[in-house]
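Scroll down for the structure; my scribbles are underneath it.
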Amino acid sequence: MYTKRNPAWTLFLLSTLPTGWTLSFEIPSTPPANSSGILSAAPVGVSFEFFAFPGYMQDVPGTAQCLANLEAAAGASPTIRIGGTTHIAAAQTAVGAVSNLSAFELGNEPDAYSNSDPIAEGNTWSASADASTQVSWQESVASAIGKTDIIQAGVFSSKKTFNVQELSAAEGSAAAYVKSFSDHYYPQTAGYDNLELLMNHTAIKNSISWAVDEITAAKNLSKDFVMGETNSATGIGGGADVSPTYGAALWVLDYVLQAVLIDIKELYFHQGTIGNCRYCWWGRYDMGAPYYGAYMASLALSGASRIAEFDTGDPRYAAYAIYSGDAPVKVLLYNSDYFTGGTRDSVNFTISGIPNTAATAQRLTSSSATNRVDEGATVTIAGQWFANGTCIQTGTESLETTAVSDGEATFTVAAAEALLISIV
Ligand SMILES: *[C@@H]1O[C@H](CO)[C@@H](O)[C@H](O)[C@H]1NC(C)=O
Ligand SMILES: *[C@@H]1O[C@H](CO)[C@@H](O)[C@H](O)[C@H]1NC(C)=O
Ligand SMILES: *[C@@H]1O[C@H](CO)[C@@H](O)[C@H](O)[C@H]1NC(C)=O
Ligand SMILES: *[C@@H]1O[C@H](CO)[C@@H](O)[C@H](O)[C@H]1NC(C)=O
Ligand SMILES: *[C@@H]1O[C@H](CO)[C@@H](O)[C@H](O)[C@H]1NC(C)=O
Ligand SMILES: *[C@@H]1O[C@H](CO)[C@@H](O)[C@H](O)[C@H]1NC(C)=O
């Protein structure tokens, strides 16, 4: 909701907000009824293909540090999903090699199905055949490694003809092996990619609303729903115009917040082929701009129990309260206006209900939504960045301290920026 602080602006209320209008809201002192469910310790995870995983661990020097940074930001190690089509042979090896592997994803992408595939046995694909094949895979893989609660039961179809609603109904006693249900999601398609739309807050919210019925079906079997493989755009490692950019970092951040708000427990951001990957968070030589969104989301959700979103009165500007236990501890603000240069507009958010006399903020920013680290641009969080190649956090931290008066303070967020505010 916005406050009519300046009567001269009243005429604008029927249209969109003018630049500089103050958005205001009060932070509820306990999680409101529209809060998320309980969050997992580290919702921001990473997905690798089986074939690429050893290369990332052995040949990409920044991998361990990039994962360690996310762990330090989140206060818990990021979960790693290893997917692909060669599970059965590799399962036992991987369980031994990665002690904190959380689950195996089983399930093919039916869009890529052909009736000459070994599992097809000459038949054409159907959702019910896929569900029963998958339930038998779950039984054989989980019993081979002697674990229950280990399978991430995957469905994926761009047409959503094979979904969790269908697979969960076929589980029966095999449900014991299932840790979570999983789908894959890429909001855009290479060649048709549009950065302004990717980072648009309303579009981010609307475009994952399909997952709500899937989450409900998973909950019906007391299982989590995760986004088992996700990133900004399909295609070879993403879309050229969106995937490597700072705008994609803003997408990662807001998408994670929207996803956990509807109870998607974890999101595994796909890291593709080393050296040929637009959406990858890091490579052998350079950082990827989207990594900054993952880092900021991990910081925001560190120690969080639940989050709630506010109706700011304008769908371009998002505001989230982040709770620890039952107390509000942080606020995340996102200005999703597209910005690529020229005069940079901003909005002010006036927040009340702050339980402290000062607030400390970390700003995610860069000089253009189209910026790419591998083309020389810098993205910063509280003035710091991650060094190319090593992923070591670099630069001097600059936290923004704002005085709080009677529980109220005002924060300015420019177009294509996000601000994480600690309020305790
Ligand atoms: C936004 O807030 C800042 C700091 O309080 C203030 O200087 C600025 O004038 C405000 N801008 C608008 C347009 O209200
Ligand atoms: C999880 O694995 C990563 C990478 O191997 C490691 O750095 C981290 O310490 C592990 N965390 C736990 C809790 O085992
Ligand atoms: C953002 O997305 C919404 C929903 O798709 C759309 O109505 C709105 O026009 C978009 N805004 C911009 C600036 O493109
Ligand atoms: C919930 O699961 C039960 C089986 O445990 C099934 O019979 C029922 O149809 C499911 N309901 C929904 C809404 O999926
Ligand atoms: C959620 O509920 C709170 C408290 O009632 C309210 O301030 C907030 O605007 C609601 N969120 C949305 C998105 O409507
Ligand atoms: C990162 O690497 C890119 C491409 O080599 C280069 O243009 C950029 O300046 C480097 N950034 C930093 C901070 O060193």
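Side-chain atoms are counted along with the backbone in the values below, which use heavy atoms only and exclude waters and symmetry mates. Just so you know, ligand 1 is whichever comes first in the structure, and atom 1 is the first atom listed for that ligand.
- Remark: aromatic rings of F48 and Y56 are close, center separation under 6.0 Å.
- Using modelled atom types, one finds no donor on one side chain facing an acceptor on the other under 3.5 Å when comparing D254 with Q258.
- Applying the side chain to side chain donor-acceptor pair (under 3.5 Å) test to pairs two or more places apart or on separate chains, those with a residue in residues 397-407 are R363-E400.
- One finds a salt bridge joining K205 and E309 here, because a Lys/Arg side-chain nitrogen approaches an Asp/Glu carboxylate oxygen to under 4.0 Å.
- A donor-acceptor pair shorter than 3.5 Å cannot be found between the side chains of E171 and Y177.
- Near N388, the atoms of ligand 6 lying under 4.0 angstrom from a non-hydrogen atom of the residue are 1 (C), 2 (O), 3 (C), 8 (C), 10 (C), 11 (N), 12 (C), 14 (O).
- Heavy-atom contacts of P32 reach the following atoms of ligand 5: 2 (O), 4 (C) (cutoff under 4.0 Å).
- The aromatic rings of F25 and F310 lie parallel to each other, with less than 30° between the two planes, well short of the 60° mark.
- Here the CZ-OG distance, from F339 to S368, works out to 7.0 Å after rounding to the nearest 0.5 Å.
- Backbone and side-chain nitrogen or oxygen atoms of E375 are examined, and none is located within less than 3.5 angstrom of a nitrogen or oxygen of ligand 6.
- At a cut-off of 3.5 Å, with distance as the only test, a side-chain donor of T412 or N348 sits close to an acceptor on the other residue.
- In this structure, a donor-acceptor pair under 3.5 Å is absent between the side chains of T216 and N220.
- Counting heavy atoms closer than 4.0 Å to ligand 5, residue N34 contributes side-chain atoms (C-beta onward) but none from N, CA, C or O.
- In summary, the atoms of ligand 6 found under 4.0 Å from a heavy atom of D286, numbered by their order in the structure, are 1 (C), 2 (O), 3 (C), 4 (C), 5 (O).
- Between F269 and Y255, the ring-plane angle classifies as perpendicular under the 30° and 60° cut-offs.
- Taking 4.0 Å as the cut-off, F310 counts as a neighbour of ligand 5 on heavy-atom distance.
- At a 4.0 Å heavy-atom cut-off, ligand 6 touches D374 through the backbone alone.
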Show me a pair-per-line table, with atom names and distances to 0.1 Å, of protein N or O atoms that are under 3.5 Å from an N or O of ligand 3.
unit_1: ligand 3; atom_1: 2 (O); unit_2: N200; atom_2: OD1; d: 3.1
unit_1: ligand 3; atom_1: 2 (O); unit_2: N200; atom_2: ND2; d: 2.4
unit_1: ligand 3; atom_1: 11 (N); unit_2: N200; atom_2: ND2; d: 2.8

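- For ligand 6 and V373, the ligand atoms under 4.0 Å from any heavy atom of the residue are 1 (C), 3 (C), 8 (C).
- Near E309, meaning under 4.0 Å from one of its heavy atoms, ligand 5 places the atoms 1 (C), 8 (C), 10 (C), 11 (N), 12 (C), 13 (C).
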